[in-house]
Amino acid sequence: MVLQPQLKIFISRDEIAKAIDRLAREIKRDYQGKQPLLVGVLKGSFMFMADLIRQLDLRLELDFVRLSSYGATRESSGRVRVVQGVKTPVKSRDVLVVEDIVDTGSTISFLLDYLRKKEPASLKVCTLTDKPSRRRIPVPIDYRGFTVPNKFIVGYGLDLNQRFRNLPDIYTMED
Ligand code: 5GP
Ligand code: MG
């Protein structure tokens, strides 16, 4: 694979796999006997979702939402809207949001408000990575893979201008 010289490996595929094993154990323990609805945030969470649910021996259902956030830059505009909402009824379901990264918190807090209005039985958040140093809106995170410093990361679903989503590891972008 042709990589840019400024890409530096940051979280390897093995570390990702170990973190997913741990998250899956936590989720299985908490949702035993339930039928959770996992809601992934497109596009970034697709790879994490695919690996996570293969470790979840639960009677789960999947849905995805598409939100507008970053646009073509690295900075969140802070303005979020729903481009594609959930198709599955959410009322009285145990909903688990699956995200690639929580940065300022605007995207996830908007999504939680949107889902809360649909009256789920419970609503929790699972994120592969968390960048707490940039948080502007406090958000509860129930399952966290990695806490990352204030660096822009790509790979494993995360993009820069739609590139690098296919990389199996997570890289930092050095300017
Ligand atoms: P927030 O609304 O929390 O500021 O941003 C959430 C969204 O911004 C993420 O779902 C992701 O699309 C994007 N984002 C934030 N930080 C990064 C990063 O380090 N790398 C990439 N590729 N996207 C990021
Ligand atoms: Mg995202």
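Indexing begins at 1, ligand by ligand and atom by atom, following the structure's order.
Residue-ligand proximity, Lys131 to ligand 1, at heavy-atom distances under 4.0 Å covers atoms 16 (N), 17 (C), 18 (C), 19 (O). Residue contact check: Asp159 has heavy atoms under 4.0 Å from atoms 21 (C), 22 (N) of ligand 1. Proximity to Thr104 (heavy-atom distance under 4.0 Å) selects the following atoms of ligand 1: 1 (P), 2 (O), 3 (O), 4 (O). For ligand 1, the atoms lying closer than 4.0 Å to a non-hydrogen atom of Asp103 are 1 (P), 3 (O), 4 (O), 5 (O), 15 (C), 16 (N). Each of the following atoms of ligand 1 lies closer than 4.0 Å to a heavy atom of Ser106: 2 (O), 3 (O). Ligand 1 places these atoms under 4.0 Å from at least one heavy atom of Leu158: 21 (C), 22 (N), 23 (N). Near Lys151, with a cut-off below 4.0 Å to any heavy atom, the atoms of ligand 1 are 19 (O).
In terms of polar-atom proximity, Leu160 is not counted as a contact of ligand 1, lacking any N or O under 3.5 Å from an N or O of the ligand. Note: no N/O pair closer than 3.5 Å links Phe152 and ligand 1 by distance alone.
Atom NZ of Lys18 is separated from atom OG of Ser12 by 7.0 Å, given to the nearest 0.5 angstrom. Note that the OH atom of Tyr143 and the CD1 atom of Ile27 stand 6.0 Å from one another [nearest 0.5 Å].
Side chain to side chain, Asp94 and Ser122 meet the donor-acceptor criterion of an N or O pair below 3.5 Å.
With sequence neighbours left out, the side chain to side chain donor-acceptor pair (under 3.5 Å) criterion links Asp51 to Arg54, Tyr156.
Distance alone, capped at 3.5 Å, places no donor-acceptor pair between the Arg66 side chain and the Gln84 backbone. Listed for the Arg22 side chain is a donor-acceptor partner under 3.5 Å among the backbone atoms of Gly145. A distance-only check finds no donor-acceptor pair linking the side chain of Asn150 to the backbone of Ser133 [under 3.5 Å].
At least one heavy atom of Gly105 sits closer than 4.0 Å to an atom of ligand 1. Remark: distances from the non-hydrogen atoms of Ile108 to ligand 1 are all 4.0 Å or more. The shortest heavy-atom distance from Glu99 to ligand 1 is under 4.0 Å.
Stacking of Lys117 on the aromatic ring of Tyr114 is not recorded, the 6.0 Å distance cut-off and the 45° axial limit not both being met.
Of the heavy atoms in Val148, none comes closer than 4.0 Å to ligand 1.
Judged as a salt bridge (charged side-chain N to carboxylate O under 4.0 Å, His left out), the pairs with a partner in residues 143-156 (not counting sequence neighbours) are, in order, Asp130-Arg144.
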